[in-house]
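Following: one structure in structure tokens, then a few remarks.
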Amino acid sequence: MNIKRLEPSHAPDYRALMLEAFELHPDAFTSSYAERAALPLAWWESRLQQKPPPCARVLGTFRDGLLAGVVGLTFDPREKACHKATLVGMYIPSRFRRHGLGRELVQAVLAQARSCPGVKIVQLTVTHGNHAAQNLYEQCGFVQFGLEPYAVAVGDRFVSKVHMWCDITGSTP
């Protein structure tokens, strides 16, 4: 496994990979290609800053020196919600799929969450009908707790999002 936390020096590759994701899979992300493409490289670098928690972290997996997949983890800084983290921005280009990278990234982000004092659960949303992604998350311990209709507008249509969570403490209430 060659997974590490991305740093600002990875920003050009991270930006390119995520712009590919937004363009090829607009229904999978809340942000659009146009919104993110308009942002300066400094914005992408700021997402990869190594700040102490609560913050966001982006992990990447590499194959033959290339960024082959990413996943983010954000933390809720509010006092009453700081026990929750959110898995965001998961993307593996098709050329790197079917090699177990998705599972490795999800397991790595769960390990990151476990290393943060006070974090009890990780939440995520996945596009309704994306069975491959939902199955991966379920195999990694996530369970569905809701369905949000009309969650994301993609052109003149809407997609729903499945809400999932994973208890990282092993003691479901």
Side-chain angles (χ1 to χ4, degrees), residues 3-8 10-11 14-15 17-18 21-22 25-33 35-36 38-39 42-61 69-92 102-154 158-173:
I3 294 176
K4 63 182 176 181
R5 187 170 175 186
L6 298 185
E7 301 173 354
H10 294 112
Y14 173 55
R15 178 184 185 274
L17 194 71
M18 290 310 298
F22 298 137
H25 306 283
D27 61 329
F29 300 94
T30 304
S31 298
S32 73
Y33 174 85
E35 289 171 324
R36 293 297 197 224
L39 294 170
W43 182 87
W44 296 88
E45 291 169 341
S46 72
R47 289 183 59 93
L48 305 178
Q49 290 294 327
Q50 305 286 319
K51 299 175 190 171
C55 63
R57 298 177 186 180
V58 179
L59 305 180
T61 185
V70 295
V71 65
L73 185 67
T74 63
F75 302 92
D76 195 322
R78 298 171 298 172
E79 180 181 335
K80 294 181 180 181
C82 63
H83 63 285
K84 298 186 281 187
T86 305
L87 184 156
V88 297
M90 173 92 167
Y91 181 64
I92 299 170
R103 181 178 319 281
E104 290 178 6
L105 281 170
V106 173
Q107 295 298 342
V109 89
L110 290 174
Q112 284 283 313
R114 283 185 195 97
S115 75
C116 297
V119 175
K120 308 281 185 220
I121 67 169
V122 177
Q123 298 176 322
L124 62 82
T125 62
V126 62
T127 302
H128 185 251
N130 185 344
H131 302 294
Q134 188 168 346
N135 287 339
L136 168 65
Y137 296 133
E138 288 171 352
Q139 291 168 11
C140 292
F142 285 85
V143 293
Q144 180 176 339
F145 69 88
L147 179 68
E148 180 183 359
Y150 292 89
V152 177
V154 182
F158 294 90
V159 295
S160 299
K161 292 287 184 171
V162 174
H163 289 254
M164 303 181 81
W165 77 292
C166 181
D167 175 3
I168 61 170
T169 67
S171 60
T172 302

- Task: Answer yes or no: are there more than 12 heavy-atom neighbours, outside H128 itself, under 6.0 Å from its atom NE2?
- Result: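 Incorrect, the count does not exceed 12.
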
Please determine whether the number of non-hydrogen atoms from other residues, nucleotides or ligands lying under 6.0 Å from atom OH of Y150 exceeds 12.
no

Nearest 0.5 angstrom please: [X] [atom1] to [Y] [atom2], how far?
X    : Y    : atom1 : atom2 : value
L110 : I121 : CG    : CD1   : 12.0 Å
W44  : H10  : CH2   : NE2   : 15.5 Å
H83  : C116 : NE2   : SG    : 14.0 Å
Q144 : H163 : CD    : NE2   : 9.5 Å
L87  : Q112 : CG    : CD    : 11.5 Å
L73  : T86  : CG    : OG1   : 7.5 Å

If you compare all heavy atoms of [X] against all heavy atoms of [Y], which two are closest, and at what distance to 0.1 Å?
X    : Y    : result
C140 : C166 : O-SG, 4.1 Å
P149 : S160 : CA-OG, 3.4 Å
A113 : V122 : CB-CG2, 3.5 Å
P117 : S115 : CD-O, 3.5 Å
L105 : I3   : N-CD1, 3.8 Å
V70  : V58  : CB-CG1, 4.5 Å

Okay, side chain of [X], backbone of [Y]: is any donor-acceptor separation there less than 3.5 Å?
X    : Y   : value
S31  : R36 : no
K161 : A28 : yes
Q50  : L6  : yes

Is there side-chain contact between [X] and [Y], with at least one heavy-atom pair below 4.5 Å?
X    : Y    : answer
Y137 : V162 : no
V143 : W165 : yes
R47  : M18  : no
L136 : M90  : yes
F142 : V106 : yes

Would you please test E45 and Q49 for side-chain hydrogen bond (donor to acceptor under 3.5 Å, both in side chains) and show each step? CA-CA 7 Å; E45 291 169 341; Q49 290 294 327; over 6 Å; no

Margin query: Angle between ring planes, F29 versus F22, binned at 30° and 60°: parallel, tilted or perpendicular?
Written below: perpendicular

